[in-house]
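Side chains are part of it too, since the values below use all heavy atoms of this structure and drop only hydrogens, waters and symmetry mates.
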Amino acid sequence: MPKIVIHANGQRHEGEVKEGTNLVVRAGIKQFPYPNLKYRCGMGKCGTCTSHILRGAEHLPEPNWKEKKILGERLALGYRLCCQLWVQHDLELTQENLVPGPAPTAPPTPAPGT
């Protein structure tokens, strides 16, 4: 069974999960990694579950289009969306001190009188 280590609130939280587990699904049903994993939509749209993978990234699948859209250049820095990962191997991650994503751009404001 894969061992998961989450660094949150200055502490290290460890647990084991079954192979093929999605950490956001488990947190949603109040099992480890709950309450130490931040998440919201679970569908790769909001980015709340963005995590910096500290160990085990080499065992993760290639990022999908949702991760590419939300994370962009941060993928190269080791960031992933937990809601898009099904864990097969040991994994260590943090959601603290993350590099911020690009600021959302507002639609252009029409010029006065147009």
Side-chain angles (χ1 to χ4, degrees):
M1 291 185 23
K3 181 170 91 173
I4 308 301
V5 177
I6 297 176
H7 297 270
N9 303 315
Q11 297 181 349
R12 177 185 168 103
H13 306 276
E14 279 187 43
E16 288 187 343
V17 298
K18 291 181 182 178
E19 273 188 42
T21 293
N22 180 285
L23 299 179
V24 169
V25 170
R26 281 186 54 100
I29 59 172
K30 309 287 191 260
Q31 294 179 350
F32 179 83
Y34 177 85
N36 304 302
L37 185 75
K38 297 175 196 164
Y39 66 94
R40 190 171 48 206
C41 78
M43 298 183 298
K45 292 182 177 182
C46 71
T48 302
C49 66
T50 297
S51 301
H52 186 210
I53 308 301
L54 304 173
R55 289 198 179 101
E58 69 275 12
H59 299 295
L60 296 174
E62 289 295 313
N64 64 23
W65 68 271
K66 292 178 181 182
E67 290 184 283
K68 290 175 183 176
K69 180 179 177 183
I70 296 290
L71 298 173
E73 294 177 2
R74 295 184 296 164
L75 283 167
L77 299 174
Y79 288 77
R80 299 296 297 267
L81 298 177
C82 282
C83 69
Q84 299 300 299
L85 304 176
W86 282 261
V87 179
Q88 303 294 335
H89 299 277
D90 294 353
L91 194 61
E92 186 169 351
L93 62 93
T94 185
Q95 293 180 311
E96 298 180 329
N97 303 315
L98 302 180
V99 172
T105 55
T109 305
T114 57

- Query: Under the 3.5 angstrom rule, does the side chain of Tyr39 hit a backbone N or O of Cys82 as a donor-acceptor pair?
  - Reply: no

Using a 6.0 Å cut-off, check whether atom CD of Glu62 has over 12 heavy atoms from anything other than its own residue. no

Heavy-atom closest pair (Gly42 atom, Val24 atom, distance to 0.1 Å) is CA-CG1, 4.1 Å

Output for pair (Asn97 CG, His52 NE2), nearest 0.5 Å, gives 11.0 Å

Residues Cys83 and Cys49: closest non-hydrogen pair is N-SG, 3.3 Å

Closest non-hydrogen contact found for Glu67 with Asn64 is N-OD1, 2.9 Å

Legend entry - N/O donor-acceptor pair under 3.5 Å between His59 side chain and Val87 backbone: no

Item to complete: Compare all side-chain heavy atoms of His7 with those of Glu92 and state whether any distance is below 4.5 angstrom.
Response: yes

Hey, is the main chain of Pro2 close enough, under 3.5 Å, to the side chain of Asp90 for a donor-acceptor pair?
no

Rounded to the nearest 0.5 angstrom, the NZ-CD1 distance for Lys38 and Ile6 is 11.5 Å

Lys18 NZ: over 12 foreign heavy atoms closer than 6.0 Å:
no

Side chain Glu96, main chain Asn9, donor-acceptor under 3.5 Å:
yes

Between Lys66 and Leu81, the two heavy atoms sitting closest are O-CD1, 4.3 Å

Item to check | pair Leu60-Leu85: side-chain heavy atoms closer than 4.5 Å | outcome: yes

One should read off an interatomic distance between Glu16 CD and Met1 CE, to the nearest 0.5 angstrom, of 5.0 Å

Nearest heavy-atom approach of Arg80 to Leu75 is CD-CD2, 3.9 Å

dist Ile70:CD1 -> Thr50:OG1 (nearest 0.5 Å) comes out at 7.5 Å

*Yes or no on side-chain contact (heavy atoms from CB on, under 4.5 Å) for Ile4 and Glu14, after CA distance, side-chain angles and deciding distance?*
CA-CA 6 Å; Ile4 308 301; Glu14 279 187 43; over 6 Å; no

Quiz prompt | Same cluster (ILVMFWY, side-chain, under 4.5 Å), Val5 and Leu37 | solution = no

Checklist entry - Is it true that a side-chain atom of Arg26 and a backbone atom of Phe32 form a donor plus acceptor pair closer than 3.5 Å? => result yes

Taken to the nearest 0.5 Å, the spacing of Trp86 CH2 from Thr21 OG1 works out to 11.0 Å

What one should report as the nearest heavy-atom pair of Leu93 and Leu91 is CD2-CD2, 4.1 Å

